[in-house]
There are 2 protein chains.
Amino acid sequence: MRTRRAEYSESTRQALVDSAVHLFTKRGYAGTSLDEVVKRARVTKGALYHHFSGKQALFEAAFTQVETQSISSLTALITADGDAWETAVGGLRAYVRKCLEPEYQRIIVHEAPVVMGWERWREAEEQFSFGLLRTAVQLLVDAGEIEEAPVEIMARLLFGALSAGASTIASSSDPKRTGREVERAILRVLEGLRKK
Amino acid sequence: MRTRRAEYSESTRQALVDSAVHLFTKRGYAGTSLDEVVKRARVTKGALYHHFSGKQALFEAAFTQVETQSISSLTALITADGDAWETAVGGLRAYVRKCLEPEYQRIIVHEAPVVMGWERWREAEEQFSFGLLRTAVQLLVDAGEIEEAPVEIMARLLFGALSAGASTIASSSDPKRTGREVERAILRVLEGLRKK
DNA sequence: ACCGGTACGTACCGGCGGTATGTGAGATAC
DNA sequence: GTATCTCACATACCGCCGGTACGTACCGGT
């Protein structure tokens with residue numbers, strides 16, 4: 001059942017999400033009006049409220065789209081075979097790079113916890129960035145690379161450190177240099193946790 | 001020049017800030033209307049806009065008040081004489097406890113970066129929590145407790161980890177237990193950085 | 001060809017942030 | 001003491017925005 005109407009509908013929905021991602025990235029959630037969103041998508045608010053229950057739902061759709069696009073390549077990296085430590089370091093580097101993209105920076109790192117509420121955000125992140133990071137930490141523990149520890153807590157702390165690092169890089173006057181410094185600093189933290 | 005009018009004025013300003021702190025903590029920035037704020041302070045919007053240029057300025061006043069009250073005791077702890085390592089650990093414990101207070105949690109940790117904008121927030125935090133943390137890290141480096149490193153970056157990462165830990169504790173079903181786990185986890189990270 | 005339902009568009013509402021202006025109590029000058 | 005000035009508010013109003021109610025055109029099945 002692949003009708004034309006369904007295609008049109010999906011297309012307008014996609015246009016709305018794309019518009020939302022663009023504007024939320026540029027002006028933030030509170031600074032973006034739905035009139036702007038629908039204008040950019042060349043529809044009206046009727047279309048928006050047909051596809052989404054409100055502004056929050058639209059934000060969650062934008063959130064999900066950005067996260068989905070971002071996570072797929074990282075998951076492949078993390079779950080690949082090979083030395084656990086090297087794999088984790090590679091994933092770390094990739095994640096830091098991902099955090100530098102404006103869309104990820106603003107929508108996922110900065111605004112999502114406030115807009116969605118911490119509880120809902122935490123729940124949603126289980127299947128995205130945070131879930132991936134926890135998996136990576138668990139793999140390191142299983143491989144005996146770092147000492148036993150409450151994985152949940154460690155993953156939370158690492159997640160916070162990574163986010164702060166990404167923000168630091170993004171607002172730096174010399175992002176490339178700061179990026180290298182952040183990477184090295186996180187690596188030193190990880191090395192400190194490593195079994196001898 | 002200590003006139004009655006000046007005292008009244010300062011009193012109403014303080015009532016507005018107190019009201020703002022209470023409501024921003026309870027319902028967040030976006031969820032709080034200025035009508036509610038002025039109603040609770042038993043004044044009108046005229047008074048509010050006489051003392052503050054707008055909602056954002058009111059938030060910054062609330063931010064400053066919460067931070068100022070929070071920081072003073074911590075500063076005394078950190079700058080005290082004695083073993084640098086023990087002092088730092090004590091400061092860490094005190095900061096984690098501070099992050100458990102709802103006002104600090106919501107206004108300072110969660111909403112400030114989004115409401116004030118990351119750049120402005122970063123600038124303001126220089127003289128509050130973050131500045132204090134950087135001082136602590138610098139003291140540890142000076143005392144030779146941890147290896148030389150870019151203090152700025154390390155402080156940023158630690159700050160992010162602490163914030164994430166505080167959020168985790170606050171939304172935990174068993175905050176006291178989670179609090180101990182977070183403290184132990186951060187201590188392990190610090191121990192990993194410590195010189196042998 | 002007709003009908004049913006979906007995918008929108010249109011018009012409107014209530015609330016909120018912000019502003020322009022009025023006003024009265026307290027400070028000031030004589 | 002009283003006239004005047006000033007400033008700390010109060011009042012009334014505006015425009016914008018999120019959300020809703022309702023109208024409508026068009027596609028798809030029969």
Side-chain angles (χ1 to χ4, degrees), chain A residues 1-24 26-63 107 111-112 114-117 120, chain B residues 1-24 26-63 107 111-112 114-117 120:
Chain A
M1 176 171 175
R2 180 105 175 136
T3 105
R4 300 172 62 86
R5 267 176 73 108
E7 282 182 11
Y8 289 160
S9 181
E10 177 56 29
S11 172
T12 56
R13 189 196 132 95
Q14 189 61 45
L16 282 166
V17 174
D18 289 342
S19 173
V21 168
H22 180 85
L23 289 170
F24 286 158
K26 201 169 152 193
R27 302 183 204 173
Y29 179 79
T32 301
S33 75
L34 296 184
D35 284 334
E36 290 178 292
V37 174
V38 299
K39 185 178 179 183
R40 188 181 167 84
R42 290 179 303 165
V43 290
T44 64
K45 287 212 287 190
L48 197 157
Y49 276 89
H50 176 75
H51 285 285
F52 306 98
S53 62
K55 196 181 185 185
Q56 289 236 4
L58 178 63
F59 179 86
E60 289 209 20
F63 171 88
I107 294 180
E111 302 232 310
V114 177
V115 174
M116 301 168 68
R120 175 82 190 92
Chain B
M1 174 174 174
R2 179 112 175 128
T3 102
R4 300 172 61 86
R5 274 178 62 119
E7 283 182 11
Y8 289 160
S9 181
E10 177 55 28
S11 172
T12 58
R13 189 197 134 95
Q14 190 60 45
L16 282 166
V17 173
D18 289 341
S19 172
V21 167
H22 180 86
L23 289 170
F24 286 159
K26 201 168 150 194
R27 304 184 204 173
Y29 180 79
T32 301
S33 76
L34 295 185
D35 285 334
E36 290 177 293
V37 174
V38 299
K39 185 178 179 184
R40 187 182 168 84
R42 290 179 304 164
V43 290
T44 64
K45 289 211 287 192
L48 197 157
Y49 276 89
H50 175 75
H51 286 285
F52 305 97
S53 62
K55 197 180 183 184
Q56 290 237 1
L58 178 62
F59 180 86
E60 289 210 19
F63 170 89
I107 295 180
E111 302 231 309
V114 177
V115 174
M116 300 167 70
R120 176 81 190 91

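The basis for the numbers below is simple: all heavy atoms, side chains too, and nothing from hydrogens, waters or symmetry mates. Protein chains get the first letters and strands the later ones, always in sequence-line order, with residue 1 at the start of each. Just so we're clear, the structure is a prediction, and the values are computed from it rather than from any experiment.
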S.K.: For Arg5(A), does its backbone N or O pair with a side-chain atom of Ser9(A) as donor and acceptor, under 3.5 Å?
M.R.: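 No: the side chain of Ser9(A) does not pair with the backbone of Arg5(A).
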
S.K.: Starting from P on dG26(C), measure out to CZ on Arg2(B) and report it in whole angstrom.
M.R.: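 In whole Å, dG26(C) P and Arg2(B) CZ are 17 Å from each other.
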
S.K.: In whole angstrom, give the distance that lies between atom CG of Leu58(A) and atom P of dG19(D).
M.R.: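 These atoms are roughly 10 Å apart.
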
S.K.: What pair of heavy atoms forms the shortest contact from Thr32(B) to Leu23(B), and how long is it?
M.R.: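 Between these two residues, the closest heavy atoms are OG1-O, 3.2 Å.
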
S.K.: Nearest of dG9(C), dG19(D), dA10(D) to any side-chain atom of Val43(A)?
M.R.: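 Between dG9(C), dG19(D), dA10(D), the one nearest the side chain of Val43(A) would be dG9(C).
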
S.K.: How far apart are the closest heavy atoms of Phe63(A) and Ile107(A), and which atoms are they?
M.R.: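 Looking at all heavy atoms of both residues, the shortest contact is CA-CG2, 4.2 Å.
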
S.K.: Report yes if some heavy atom in the side chain of Phe59(A) is under 4.5 Å from a heavy atom in the side chain of Val21(A); otherwise report no.
M.R.: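 Side chain of Phe59(A) against side chain of Val21(A), heavy atoms only: no contact under 4.5 Å found.
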
S.K.: Expressed in angstrom and rounded to an integer, what is the separation of Tyr49(B) atom OH from dT11(D) atom P?
M.R.: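 For the pair Tyr49(B) OH and dT11(D) P, the rounded distance is 17 Å.
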
S.K.: Mind checking if Ser11(B) touches a base, just sugar-phosphate, or nothing, with heavy atoms under 4.0 Å?
M.R.: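 Contact class for Ser11(B): none.
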
S.K.: Toward the 5' end of DNA chain C, which comes first, Tyr29(B) or Tyr8(B), by nearest nucleotide?
M.R.: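 Counting from the 5' end, the first nearest nucleotide belongs to Tyr29(B).
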
S.K.: Please compare Glu10(A) and Leu34(B) by the position of their nearest nucleotide in DNA chain C and report the one closer to 5'.
M.R.: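 The residue whose closest nucleotide sits nearer the 5' end is Glu10(A).
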
S.K.: What is the distance, rounded to the nearest whole Å, between atom NZ of Lys55(B) and atom P of dG15(C)?
M.R.: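 For the pair Lys55(B) NZ and dG15(C) P, the rounded distance is 16 Å.
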
S.K.: A side-chain contact here means heavy atoms from C-beta on lying under 4.5 Å apart; do Tyr29(A) and Val114(B) qualify?
M.R.: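 With C-beta onward as the side chain, the pair stays apart.
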
S.K.: For His51(B) and dA8(D), give me the distance from atom NE2 to atom C1', rounded to whole Å.
M.R.: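 One finds 7 Å between C1' of dA8(D) and NE2 of His51(B), rounded.
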
S.K.: Hey, is the side chain of Thr3(A) poking within less than 4.0 Å of OP1 or OP2 on dG28(D), counting only N and O atoms?
M.R.: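 Looking at the OP1 and OP2 atoms of dG28(D), one of them is under 4.0 Å from a side-chain N or O of Thr3(A).
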
S.K.: Between Gln14(B) (CD) and dC9(D) (P), how many Å, whole number?
M.R.: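 It is 13 Å, rounded to the nearest whole Å.
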
S.K.: Identify whether any heavy atom of Thr32(B) sits under 4.0 Å from a base atom; if not, whether one sits that close to sugar-phosphate; answer base, sugar-phosphate or nothing.
M.R.: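 The residue Thr32(B) makes sugar-phosphate contact but no base contact.
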
S.K.: Between Leu48(B) and Val43(B), is there a side-chain heavy-atom distance shorter than 4.5 Å?
M.R.: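 Of all side-chain heavy-atom pairs linking Leu48(B) with Val43(B), none is under 4.5 Å.
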
S.K.: Select one nucleotide: of dC16(C), dA8(D), dG9(C), the one nearest the side-chain heavy atoms of Arg5(B).
M.R.: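 Nearest to the side chain of Arg5(B) among the choices is dA8(D).
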
S.K.: Quick one: is Ser33(A) getting a side-chain N or O under 4.0 Å of the dC16(D) phosphate, OP1 or OP2?
M.R.: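 Indeed not, no polar side-chain atom of Ser33(A) lies that close.
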
S.K.: Considering just the side-chain nitrogens and oxygens of His50(B), establish if one lies under 4.0 Å of OP1 or OP2 belonging to dA10(D).
M.R.: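 Looking at the OP1 and OP2 atoms of dA10(D), neither is under 4.0 Å from any side-chain N or O of His50(B).
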
S.K.: Is a donor-acceptor contact shorter than 3.5 angstrom present between the side chain of Lys45(A) and the base of dG9(C)?
M.R.: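 Side chain to base: no pair below 3.5 Å.
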
S.K.: Establish, with yes or no, whether the OP1 or OP2 oxygen of dC8(C) is under 4.0 angstrom from a side-chain nitrogen or oxygen of Ser9(A).
M.R.: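 The answer is yes; a side-chain N or O of Ser9(A) sits under 4.0 Å from OP1 or OP2.
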
S.K.: In whole angstrom, what separates Arg42(B)'s CZ from dC9(D)'s C1'?
M.R.: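 My rounded result for the distance is 15 Å.
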
S.K.: Counting side-chain heavy atoms from C-beta on, which of dG18(D), dG24(C), dC9(D) comes nearest to Ala47(B)?
M.R.: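 When the side chain of Ala47(B) is considered, dC9(D) is the closest of dG18(D), dG24(C), dC9(D).
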
S.K.: Can you check the Leu23(B) CG to dC16(C) P distance for me, whole Å?
M.R.: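 It is 12 Å, rounded to the nearest whole Å.
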
S.K.: Is Arg4(A) side chain donor-acceptor paired with the dC27(D) base, going by distance under 3.5 Å alone?
M.R.: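 When only heavy-atom distances are counted, Arg4(A) does not reach the base of dC27(D) through any donor-acceptor pair under 3.5 Å.
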
